[in-house]
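So that the names make sense, note that chain A is the first sequence line, chain B the second, and so on, each numbered from 1.
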2 protein chains.
Amino acid sequence: MTKKLGPRERILETASRLFHSQGYNNTGINQILAEANVAKASLYQHFGSKDDLGVIYLKQGREEWFAGIEQWTGSKKAPGQKLSACFDFLEYALQKDNYLGCKFINMLSEIGSSSPLMSKEIIEHKGKLRQYMKGFVEKALEGNGDLDIDFVGDSIYLLYEGAIIESKIYRDTWPVKKARKMAEMLLKRV
Amino acid sequence: MTKKLGPRERILETASRLFHSQGYNNTGINQILAEANVAKASLYQHFGSKDDLGVIYLKQGREEWFAGIEQWTGSKKAPGQKLSACFDFLEYALQKDNYLGCKFINMLSEIGSSSPLMSKEIIEHKGKLRQYMKGFVEKALEGNGDLDIDFVGDSIYLLYEGAIIESKIYRDTWPVKKARKMAEMLLKRV
DNA sequence: AATTTTATAGACAGACTTGTCTATTTAAAA
DNA sequence: TTTTAAATAGACAAGTCTGTCTATAAAATT
């Protein structure tokens with residue numbers, strides 16, 4: 001029943017899996033080609049270079065991430081519930097991928113400053129996520145006059161990011177659970 | 001006036017600089033040897049392999065980190081002040097290294113599960129840091145009977161780790177400043 | 001002063017890397 | 001059916017990587 005995927009899709013699917021699980025630098029073009037059953041010329045036809053493939057990998061990762069988080073927040077009505085759903089989605093996603101951590105943070109550690117295109121993609125993704133979460137915090141706290149909503153929003157964002165990296169280190173969900181609980185506390189009792 | 005360093009020290013110093021700034025996988029043995037002015041045989045005499053060198057690099061990084069943080073917290077008396085000093089040290093350290101991020105998190109992203117020895121070192125370092133900060137939180141909050149001190153301690157730890165990674169992404173100190181402020185709020189008004 | 005340890009320089013093996021190129025085959029469009 | 005486009009297989013270049021080895025020179029020790 002699965003539609004037959006073209007070479008481009010097979011490359012992207014395989015690269016995504018390998019980049020995430022083994023790392024970008026530890027994954028050679030040849031391994032991608034072998035596991036995707038694609039000829040080398042096809043890869044360089046569809047993607048100009050490994051660096052370009054990395055950029056597309058990140059672009060696709062961003063789309064999937066926001067599609068996923070939208071799915072989890074979409075079913076909630078109150079902004080506070082939507083924010084909690086962000087943490088629930090995170091817990092689900094990290095567990096599903098066996099605690100491989102964040103594609104974007106992992107890549108940033110690997111490339112350093114050697115790929116401006118990938119760096120740009122990573123920074124944009126995180127900036128978008130930051131705004132996304134702050135949007136819920138603003139709605140949840142609107143009316144609370146003198147409160148520094150920006151400060152609370154960024155604190156929750158930092159808890160979220162901290163939870164991502166610590167879940168990878170400890171291979172456990174406790175960081176997400178605790179970050180979520182603290183985020184809820186900050187919304188309610190500030 | 002600087003003491004002449006032996007080959008072992010020169011290797012470690014150079015490797016530390018290059019691993020941190022370029023990444024582990026992007027730094028070849030030969031580059032380390034060239035910049036440290038050391039013969040290849042000397043490297044394999046003092047360190048058995050590149051992996052071993054990585055482990056020693058992390059061990060030394062841990063020692064330097066805790067020596068540094070001790071220096072900043074040591075001059076403070078109240079546990080709340082000591083905790084704030086942890087954030088001040090972080091801000092100083094990240095700026096000093098031009099926002100290269102955390103040696104341990106960077107390495108973890110690079111090696112994946114390919115080096116159990118390095119993984120162990122990284123997990124131990126972070127576990128020790130977690131306990132170190134929780135110690136201050138416990139002392140600062142002792143007496144506050146029913147309060148879940150463990151929960152507050154881990155929340156502050158997550159803010160700290162989030163600040164590390166976000167400072168790297170945005171190349172700015174705002175994550176540390178905001179995390180510090182939130183940590184202080186949690187200690188005072190919880 | 002003679003001997004042992006330590007460091008140096010660099011060739012070399014073997015395997016890996018990205019990217020290019022040729023030649024052939026399959027698939028789609030005219 | 002003929003023609004045009006897309007995919008395949010794989011050799012190849014030029015470079016990288018870690019790690020081993022030999023031979024020589026400098027230091028430290030006896």
Of B:Gln31 and B:Gly48, the one whose nearest nucleotide on DNA chain D sits closer to the 5' end is B:Gln31
Counting only side-chain N and O atoms of B:His46, is one of them less than 4.0 Å from OP1 or OP2 of C:dT6? no
Output for pair (A:Asp51 CG, A:Tyr24 OH), nearest 0.5 Å, gives 5.0 Å
Original post:
Just checking A:Arg8: base, sugar-phosphate only, or nothing, at a heavy-atom cut-off of under 4.0 Å?
Top reply: nothing
- Message: Counting the atoms with a prime plus P, OP1 and OP2 as sugar-phosphate, which does A:Asn37 contact under 4.0 Å by heavy atoms, base, sugar-phosphate, or nothing?
- Response: sugar-phosphate
To the nearest angstrom, the CZ-P distance between A:Phe47 and D:dA7 comes to 11 Å
From CG of A:Asn26 across to P of D:dC17 the rounded distance in Å is 14 Å
In whole angstroms, the gap separating P of C:dG19 from CG of A:Leu33 amounts to 12 Å
5'-most contact on DNA chain C (nearest-nucleotide basis), B:Val38 vs A:Thr27, goes to B:Val38
Next item on the list: Examine distances only and state if a side-chain atom of B:Lys82 and a backbone atom of B:Thr73 form a donor-acceptor pair shorter than 3.5 Å.
Entry: yes
- Is the side chain of B:Ser155 donor-acceptor paired with the backbone N or O of A:Met182 at a distance under 3.5 Å, no angle test? no
Of the candidates D:dG19, C:dA9, C:dT18, the side chain of A:Lys40 sits closest to C:dT18
Closest to the side chain of A:Asn30, out of C:dT17, D:dC21, D:dT8, is C:dT17
Self-check item: Side-chain H-bond candidate by donor/acceptor type, B:Gln131 with B:Tyr157, under 3.5 Å
Solution: no
Picking from D:dT18, D:dT8, D:dA11, the nucleotide nearest the side-chain atoms of A:Ser42 would be D:dT8
In whole angstroms, the gap separating P of D:dA7 from CD1 of A:Ile11 amounts to 9 Å
Side-chain contact check for A:Pro7: nearest option of C:dT8, D:dA11, D:dT8 is D:dT8
Taking C:dG19, D:dT18, C:dT8 as options, the one with an atom nearest any side-chain atom of B:Ala41 is C:dT8
Separation of D:dT20 atom P from B:Leu43 atom CG, nearest Å, is 11 Å
Ranking C:dA9, D:dT8, D:dG19 by distance to the side chain of B:Tyr44, first place goes to D:dG19
The nucleotide from C:dG19, D:dT18, C:dT8 with an atom nearest the side chain of A:Ser49 is C:dG19
Which of B:Phe87, B:Trp65, B:Tyr92 passes ring-ring contact (aromatic ring centres under 6.0 Å, His included) with B:Trp72? It is B:Tyr92
